[in-house]
2 protein chains.
Amino acid sequence: MNKLRGRPRGNPPTRARIAEAARGLFLRHGYRGTTLRAIAAEACVDSALISYHFGSKQGLFGEVTQLQCAESLALSTVLAGDPAGLPDRLLRAVTDLWDDTEFNRLAVQNEDVMRVFREYLESEVLGRIAEYLGGPDATERAIAAVTVIGGLIFTRYLNPLPATARLSAADVHRILGPTLRVALQSRPRYALAGRR
Amino acid sequence: MNKLRGRPRGNPPTRARIAEAARGLFLRHGYRGTTLRAIAAEACVDSALISYHFGSKQGLFGEVTQLQCAESLALSTVLAGDPAGLPDRLLRAVTDLWDDTEFNRLAVQNEDVMRVFREYLESEVLGRIAEYLGGPDATERAIAAVTVIGGLIFTRYLNPLPATARLSAADVHRILGPTLRVALQSRPRYALAGRR
DNA sequence: TCTCCATATTCAATGTTGATGAATAAATTA
DNA sequence: TAATTTATTCATCAACATTGAATATGGAGA
């Protein structure tokens with residue numbers, strides 16, 4: 001920080017260095033856990049420079065995050081093949097992306113709601129559904145069901161997508177009913193060879 | 001504020017009043033948008049009293065939130081009937097709960113990640129899937145698929161449930177494949193099925 | 001009833017935080 | 001070369017959550 005005032009010599013890529021430092025810190029400590037001063041220190045820069053370049057902390061975060069989103073999930077490949085294999089390809093794309101990159105770590109743990117909601121979903125909903133179903137694959141069926149339900153809650157309420165949120169309850173029932181029914185079905189594992 | 005120092009006469013339920021005020025403000029303005037000072041003002045109390053009673057802002061929020069969770073989703077009723085009707089009853093319970101109560105408003109909009117993620121899910125994933133599917137009910141099928149995918153992302157990555165998160169990618173594919181397949185299927189209700 | 005301690009409350013201060021405006025120096029343009 | 005635009009530091013701000021000190025009441029035991 002003991003640098004000179006005024007514009008520095010050359011055209012150092014300071015802005016990029018800030019974004020890089022921010023990305024690392026956001027990944028490690030989440031949004032709230034990362035202060036502008038920490039980013040500035042990491043980038044060896046005065047913290048005011050961040051506001052200058054990115055407008056605000058949210059602006060910086062948005063830029064760093066959107067960069068990640070742009071790189072993510074190459075949908076073209078997924079949508080290129082035959083319709084029959086689409087489910088598999090979609091699932092594979094999602095898990096490949098999220099398992100391998102650091103993208104998921106950008107998910108700021110919303111330390112408050114998220115924890116409560118997770119515990120509730122896990123112990124109450126999932127546990128009791130599995131108990132109700134019984135049988136050897138009860139847990140797996142419950143997981144599938146919780147996924148659909150969690151997806152509904154997430155895309156309709158927690159973080160409403162307009163297309164989903166503006167449906168009536170009846171439409172939601174009609175559209176998701178068959179899906180949830182299949183999720184809850186027992187899927188005999190070794191009965192059929194099937195392809196992967 | 002112009003009150004006397006020291007313990008007040010009688011045993012006024014100040015703690016409860018604070019919780020009540022906090023609940024209202026959290027509902028209206030979310031977690032970050034609600035300051036301890038605002039809660040204190042609403043409850044006609046010094047803001048230091050909140051730290052005294054609840055330890056911290058998070059402590060207060062946790063108490064208010066957990067109260068809501070306890071009241072929510074009467075699973076017993078859902079699990080009481082015949083297995084065949086379970087999907088419908090589950091869906092109904094979820095939508096009834098979340099449509100009618102204020103519970104969903106406690107979902108602190110994680111103003112940062114959530115917005116980006118929502119826009120991405122809506123415009124990229126949902127839009128392109130619907131475009132790919134084509135046909136009259138493409139949007140509905142895309143919504144169902146996005147729900148499953150969003151549920152997977154949410155319960156496995158964003159807010160990982162242990163049971164779901166510790167699965168291998170292959171297990172995820174196996175368990176959710178049939179579900180997603182059905183979500184993507186055309187569901188002819190009033191007309192004959194035509195693929196694609 | 002008197003004494004003491006735990007409890008409830010206000011007040012004042014502290015240390016962070018994100019942001020802003022002024023000063024300054026290099027780059028760029030005319 | 002002169003003027004303007006851009007990049008940077010410094011000093012400061014207001015808001016925030018939290019903490020410590022001061023003070024007054026409630027309740028338990030004599």
Worksheet item: Hey, what bend do you get for the helix from C/dT1-D/dA30 to C/dA30-D/dT1 if you fit axes on five pairs at each end, rounded to 10°?
Response: 10°

Worksheet item: Taking NZ, NE, NH1 and NH2 as the nitrogens, is one of them in A/Glu140 or B/Arg174 under 4.0 Å from a carboxylate oxygen of the other?
Response: yes

Fill in: For DNA chain D, the residues among residues 10-17 of chain A that have a non-hydrogen atom under 4.0 Å from it
A/Pro12, A/Thr14

Discussion item. Should the side chain of A/Arg37 and the base of C/dG18 be counted as holding a donor-acceptor pair, with the cut-off at 3.5 Å?
Written reply: yes

Item to complete: Could you tell me whether the side chain of B/Arg5 has a donor or acceptor atom within less than 3.5 Å of a complementary atom in the base of D/dT23?
Response: no

Practice prompt. Return the 5'-most residue of the pair A/Thr35, A/Ala48 with respect to DNA chain C, ranking by each residue's nearest nucleotide.
Written response: A/Thr35

Item to complete: Please work out if A/Ser51 contacts a base, only the sugar-phosphate, or nothing of the nucleic acid, heavy-atom cut-off 4.0 Å.
Response: base

Worksheet item: Contact class for A/Leu36 vs. all strands (heavy atom < 4.0 Å): base, sugar-phosphate, or nothing?
Response: sugar-phosphate

Discussion item. Taking 4.0 Å as the cut-off, does a side-chain nitrogen or oxygen of A/His53 come that near to OP1 or OP2 on D/dT8?
Written reply: yes

Discussion item. Please confirm whether the shortest side-chain N or O distance from A/Arg7 to OP1 or OP2 of C/dA27 is below 4.0 Å.
Written reply: no

Item to complete: Find which nucleotide of DNA chain D each of A/Gly6 and B/Ala38 is nearest to by heavy atoms, and output the residue with the more 5' nucleotide.
Response: A/Gly6

Discussion item. When you measure from the centre of the six-membered ring of B/Phe54, is the NZ or CZ of B/Arg15 closer than 6.0 Å and no more than 45° off the axis?
Written reply: yes

